[in-house]
Amino acid sequence: MELKRVKKIYKTPYGDIRALDGVDLTIPKGSFMLIRGPNGSGKSTLLNMIGCIDKPSLGEIKIKDRPIGNVGDDELSSIRNKMMGYVFQGENVIPHMTALQNLILPGIIKGVDKTTLEKRGMEVLREIRLEDRARIKGTHLSGGEKQRLAMGRALFNHPEILIVDEPTAFLDQKNASLILELLARANEGGATVICTSHNDDEMGDVNIWLKEGRIAEVRSK
Ligand SMILES: Nc1ncnc2c1ncn2[C@@H]1O[C@H](COP(=O)(O)OP(=O)(O)OP(=O)(O)O)[C@@H](O)[C@H]1O
Ligand SMILES: [Mg+2]
């Protein structure tokens with residue numbers, strides 16, 4: 001994936017906010033990229049561009065050499081569904097559905113066979129160590145458990161690109177390690193992983209620092 005001179009300007013009643021101010025970035029297939037920077041530096045906005053959730057105000061984004069600027073919304077969402085797994089910052093789960101139902105819901109909507117979905121669902125629940133919570137409703141899960149469930153939802157379809165916004169923010173040490181292990185495993189399995197973090201450990205192949213919507217530093221291993 002390639003970003004060229006990407007700018008994102010949010011129009012607000014108090015004036016324009018320059019969330020991204022000319023970002024040039026190449027994300028090689030199979031890489032593990034970690035994005036850091038202070039609150040408000042543009043990390044989530046950048047992930048939204050990479051994840052095709054939102055379009056830049058200026059600049060260009062290419063996926064597999066194809067510019068996506070003129071791609072329509074339907075096709076963009078199909079690219080997202082086929083290629084990407086996304087975990088939003090502080091993402092929540094559906095409260096009245098069980099952990100398992102939360103996981104398989106996207107597949108149910110697509111009309112995939114329920115037995116197949118439940119089999120994969122239980123596999124994912126084991127990966128995120130929530131197998132004993134399969135029948136428990138979202139509303140009864142702890143914050144950290146919900147965070148792991150959101151991660152499980154992103155991993156469900158073995159995405160080519162995994163985009164995760166602050167995956168360990170509210171987790172204890174043990175569960176944070178589990179999430180990092182899952183990200184590393186997905187990466188070893190061939191997925192491109194892009195995530196933001198406030199932790200100091202430089203676990204990515206590429207570590208980038210954002211400051212006021214610009215890339216201030218890039219460090220590659
Ligand atoms: N939907 C929006 N509308 C208007 N302004 C926004 C919107 N989303 C983000 N911003 C602004 O853009 C800037 C960058 O926000 P962003 O969420 O990308 O930062 P961040 O680096 O992810 O911060 P944090 O570490 O707090 O998650 C901030 O100044 C924020 O106020
Ligand atoms: Mg953010």
Side-chain angles (χ1 to χ4, degrees), residues 1-10 17-37 41-89 91 106-107 109-110 112 150-151 153-167 180 182-197 202-221:
M1 188 177 281
E2 221 180 321
L3 285 80
K4 282 219 171 100
R5 296 178 300 278
V6 165
K7 295 193 181 192
K8 180 70 188 180
I9 297 147
Y10 291 111
I17 296 178
R18 248 168 217 281
L20 292 176
D21 196 14
V23 169
D24 287 300
L25 186 65
T26 302
I27 308 169
K29 185 174 161 59
S31 58
F32 194 136
M33 181 174 280
L34 205 61
I35 302 169
R36 298 230 199 85
S41 57
K43 301 181 297 297
S44 296
T45 306
L46 180 57
L47 286 191
N48 285 347
M49 300 295 129
I50 293 169
C52 305
I53 307 285
D54 199 2
K55 286 184 176 180
S57 312
L58 283 166
E60 187 182 63
I61 298 182
K62 283 185 187 168
I63 301 180
K64 295 183 175 170
D65 292 327
R66 180 178 178 209
I68 56 159
N70 295 321
V71 172
D73 286 347
D74 284 352
E75 202 185 338
L76 215 51
S77 70
S78 133
I79 292 176
R80 261 198 323 260
N81 289 336
K82 284 198 193 113
M83 288 180 61
M84 300 182 185
Y86 202 118
V87 186
F88 295 92
Q89 185 170 13
E91 178 167 344
I109 292 169
K110 270 187 236 159
V112 182
M151 177 82 188
R153 217 153 39 184
L155 288 169
F156 197 90
N157 286 325
H158 308 284
E160 265 181 80
I161 304 175
L162 188 56
I163 301 168
V164 195
D165 205 354
E166 309 217 1
L180 297 180
L182 289 170
L183 290 174
R185 206 185 302 157
N187 184 239
E188 278 155 22
T192 307
V193 176
I194 304 142
C195 90
T196 60
S197 169
E202 291 186 22
M203 56 172 186
D205 310 326
V206 188
N207 285 269
I208 76 167
W209 274 263
L210 275 184
K211 205 177 160 189
E212 294 173 5
R214 293 179 191 212
I215 295 182
E217 198 183 337
V218 180
R219 234 183 269 168
S220 302
K221 271 191 190 150

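Keep in mind the model is a prediction, meaning the values are calculated, not measured.
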Asks: Within a reach of under 6.0 Å around CD of Glu217, are more than 12 heavy atoms found that belong to other residues, nucleotides or ligands?
Replies: yes

Asks: What is the distance from atom CD1 of Ile194 to atom CD1 of Ile208, rounded to the nearest 0.5 Å?
Replies: 9.5 Å

Asks: Enter the distance from Met1:CE to Cys52:SG here, rounded to the nearest 0.5 Å.
Replies: 5.5 Å

Asks: If you measure from OG1 on Thr196 to CG on Leu210, what distance do you get to the nearest 0.5 Å?
Replies: 10.0 Å

Asks: Can you name the closest pair of heavy atoms from Pro28 and Thr192 and give their distance?
Replies: O-CG2, 3.8 Å

Asks: Can you name the nearest heavy-atom pair linking Asp21 to Glu212, along with the distance?
Replies: CB-O, 4.2 Å

Asks: Considering residues, nucleotides and ligands other than Lys82, do more than 12 of their heavy atoms fall under 6.0 Å from its NZ?
Replies: no

Asks: Taking atom CG of Asn48 and atom OH of Tyr86, what is their separation to the nearest 0.5 Å?
Replies: 3.5 Å

Asks: Under 3.5 Å, is there a donor-acceptor pair between the side chain of Asp205 and the main chain of Lys221?
Replies: no

Asks: If you look at every heavy atom in Pro159 and Gly85, which pair is closest and at what distance?
Replies: CB-N, 3.3 Å

Asks: Do Lys110 and Asn157 make a side-chain contact, defined as non-hydrogen atoms from C-beta onward lying under 4.5 Å apart?
Replies: yes

Asks: How about Asp165 and Ser44: does a side-chain donor come under 3.5 Å of a side-chain acceptor?
Replies: yes

Asks: Ignoring hydrogens and geometry, is there a side-chain-to-backbone donor-acceptor pair from Asn207 to Ser220 under 3.5 Å?
Replies: no

Asks: Quick check on Arg80: does its CZ atom have over 12 non-hydrogen neighbours (other residues, nucleotides or ligands) under 6.0 Å away?
Replies: yes

Asks: Are any non-hydrogen side-chain atoms of Pro56 and Lys8 less than 4.5 angstrom apart?
Replies: no

Asks: If you define the side chain from C-beta out and look only at heavy atoms, does anything of Met33 sit under 4.5 Å from Ile50?
Replies: no

Asks: Test Leu3 against every option in Thr26, Leu20, Leu46, Asp24 by the side-chain contact (heavy atoms from CB on, under 4.5 Å) rule and name the one that passes.
Replies: Leu46

Asks: Is there a donor-acceptor contact under 3.5 Å from the side chain of Asn81 to the main chain of Ser77?
Replies: yes

Asks: At their closest point, which heavy atom of Val164 faces which heavy atom of Pro167, and how far apart are they?
Replies: CG1-CB, 3.4 Å

Asks: Find the distance between CZ (Phe32) and SG (Cys195) and round it off to the nearest 0.5 Å.
Replies: 5.0 Å

Asks: Mind listing the closest non-hydrogen atom pair of Ile61 and Met49 along with its distance?
Replies: CD1-O, 3.6 Å

Asks: Working to the nearest 0.5 Å, report the span between CG of Asp65 and CD of Glu2.
Replies: 7.0 Å

Asks: Would you name the heavy atoms of Leu34 and Gly204 that are closest together and state the gap between them?
Replies: CD2-N, 4.3 Å

Asks: Tell me, which pairs form a ring pair (Phe, Tyr, Trp, His ring centres under 6.0 Å) where one or both residues lie in residues 45-82, sequence neighbours left out?
Replies: none

